[in-house]
Amino acid sequence: MKTIGVVDTTFARFNMGRAAVDEIQQNVSAKIKRITVPGVKDLPVASKKLIEEEGCDIVIALGMPGAKEQDKICAHEASTGIIQAQLMTNTHIIEVFVHEDEAKDEKELAFLMEMRSREHALNVVNMLFHPEKLVKQAGTGQRQGFEDVGAVRH
Ligand SMILES: Cc1nc2c(=O)[nH]c(=O)nc-2n(C[C@H](O)[C@H](O)[C@H](O)CO)c1C
């Protein structure tokens with residue numbers, strides 16, 4: 001049986017891991033290894049350990065960069081680390097970041113964090129079990145959270 005790793009953070013203001021796990025369980029029968037770390041900079045090594053020590057075939061790494069300048073720097077560092085962990089393990093780690101200042105208020109932030117977590121969880125399921133579904137969506141302007149933007153026309 002395939003194993004999906006789910007790692008999220010306590011810094012985030014919404015339980016992104018729970019939404020991702022629920023979405024995975026609604027769509028596929030797979031083993032899930034879930035862990036939670038303090039913040040986004042802890043996601044790279046946590047993801048790498050899920051792959052190397054827990055046998056995960058793919059990982060979804062979820063976090064919420066805050067609105068301050070130092071948070072944005074932190075998020076960039078975390079992203080770089082996540083890419084490095086993917087290259088070191090030759091395994092996808094799907095990064096799901098919702099920046100706190102993407103939303104206009106708390107209600108929209110909760111909505112965005114839930115929907116982006118769920119839609120990327122579905123991407124993870126499709127990458128692992130139905131890669132042909134992603135090929136069908138190629139170039140269609142998919143967005144996770146807010147509405148899709150669609151393809152451009154000639
Ligand atoms: C400044 C800062 N900003 C964020 C953030 O916006 N989002 C987040 O998830 N975590 C942040 N952290 C915490 C770090 O990611 C990390 O948890 C600590 O530096 C401990 O390794 C820090 C230190």
Side-chain angles (χ1 to χ4, degrees), residues 2-28 30 32-44 46-48 50-51 56-86 91-153:
K2 300 270 191 196
T3 306
I4 299 175
V6 177
V7 53
D8 66 353
T9 69
T10 59
F11 189 102
R13 300 179 66 198
F14 183 87
N15 193 332
M16 301 174 84
R18 183 166 62 197
V21 168
D22 183 61
E23 192 65 32
I24 293 165
Q25 286 174 335
Q26 280 186 37
N27 283 281
V28 82
I32 295 173
K33 296 266 182 190
R34 180 177 175 188
I35 55 166
T36 300
V37 293
V40 288
K41 284 207 287 191
D42 311 312
L43 293 172
S47 302
K48 186 168 174 284
L50 281 172
I51 294 162
C56 290
D57 298 286
I58 192 165
V59 172
I60 180 167
L62 311 111
M64 187 208 76
K68 296 181 185 154
E69 191 50 36
Q70 66 263 35
D71 297 328
K72 294 180 190 301
I73 293 167
C74 237
H76 180 260
E77 289 166 347
S79 280
T80 308
I82 288 172
I83 292 166
Q84 204 180 338
Q86 293 186 76
T91 302
H92 285 291
I93 301 166
I94 300 304
E95 176 193 293
V96 185
F97 281 0
V98 175
H99 291 257
E100 195 174 10
D101 53 6
E102 279 185 75
K104 64 176 183 301
D105 55 30
E106 292 200 0
K107 195 172 168 216
E108 188 175 78
L109 183 61
F111 167 83
L112 185 59
M113 292 182 83
E114 168 147 28
M115 294 313 291
R116 189 166 294 164
S117 302
R118 288 185 178 278
E119 289 184 35
H120 269 309
L122 202 51
N123 277 336
V124 163
V125 168
N126 286 336
M127 285 174 78
L128 198 55
F129 294 97
H130 310 291
E132 73 287 350
K133 287 193 183 175
L134 289 175
V135 175
K136 274 198 182 151
Q137 291 182 355
T140 57
Q142 299 294 310
R143 295 292 184 271
Q144 290 74 31
F146 290 132
E147 264 183 39
D148 299 336
V149 295
V152 287
R153 293 164 199 229

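All heavy atoms count here, side chains included; hydrogens, waters and symmetry mates do not.
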- For E119, enumerate each residue passing the salt bridge (charged side-chain N to carboxylate O under 4.0 Å, His left out) test, keeping only those at least two apart in sequence or located in another chain. none

- Set of side chain to side chain contact (heavy atoms under 4.5 Å, CB included) partners for A46, sequence neighbours left out: V7, I35, V37

- To the nearest 0.5 Å, tell me how far F129 CZ sits from D57 CG. 7.5 Å

- Scan residues 123-138 for pairs that pass side-chain hydrogen bond (donor to acceptor under 3.5 Å, both in side chains), counting only residues two or more places apart or in two chains. H120-N123

- Item | Partner residues of T10 under the side chain to side chain donor-acceptor pair (under 3.5 Å) criterion, sequence neighbours left out | none

- How long is the span from the CD atom in Q142 to the CG atom in L134, to the nearest 0.5 Å? 9.0 Å

- Query: Is the backbone N or O of I93 less than 3.5 Å from a side-chain atom of Q86, with the two atoms forming a donor-acceptor pair by type?
  - Reply: yes

- Item | D22 side-chain N/O to A19 backbone N/O, donor-acceptor pair under 3.5 Å | no

- Mind checking the CG-SG spacing from L128 to C56? Nearest 0.5 Å is all I need. 10.0 Å

- With sequence neighbours excluded, residues passing side chain to side chain donor-acceptor pair (under 3.5 Å) with T3: none

- Item | Test side chain to side chain donor-acceptor pair (under 3.5 Å) applied to Q84 - qualifying residues, sequence neighbours left out | none

- Just jot down the side chain to side chain contact (heavy atoms under 4.5 Å, CB included) partners of R34, sequence neighbours excluded, or say none. V6, D8, N15, R18, V21, T36

- Contacts of E114 meeting side chain to side chain contact (heavy atoms under 4.5 Å, CB included) (sequence neighbours excluded), chain-then-number -> F14, R118

- Note on the structure: Residue set satisfying side chain to side chain donor-acceptor pair (under 3.5 Å) with T91, at least two apart, ordered chain then number -> none

Distance-only check: which donor-acceptor pairs under 3.5 Å involve side-chain atoms of residues 97-106, not counting sequence neighbours?
from: E100; atom 1: OE2; to: R13; atom 2: NH1; distance (Å): 2.8
from: D101; atom 1: OD1; to: K72; atom 2: NZ; distance (Å): 3.4
from: D101; atom 1: OD2; to: K72; atom 2: NZ; distance (Å): 2.7
from: E102; atom 1: OE1; to: R116; atom 2: NH1; distance (Å): 3.1
from: E102; atom 1: OE1; to: R116; atom 2: NH2; distance (Å): 2.9
from: E102; atom 1: OE2; to: H99; atom 2: N; distance (Å): 2.8
from: E102; atom 1: OE2; to: R116; atom 2: NH1; distance (Å): 2.9
from: K104; atom 1: NZ; to: E108; atom 2: OE2; distance (Å): 3.1
from: D105; atom 1: OD1; to: K107; atom 2: N; distance (Å): 3.3
from: D105; atom 1: OD1; to: E108; atom 2: N; distance (Å): 2.8
from: E106; atom 1: OE2; to: R13; atom 2: NH2; distance (Å): 2.8

- Taking only residues two or more places apart in sequence or in another chain, which ones pass salt bridge (charged side-chain N to carboxylate O under 4.0 Å, His left out) with K41? E77

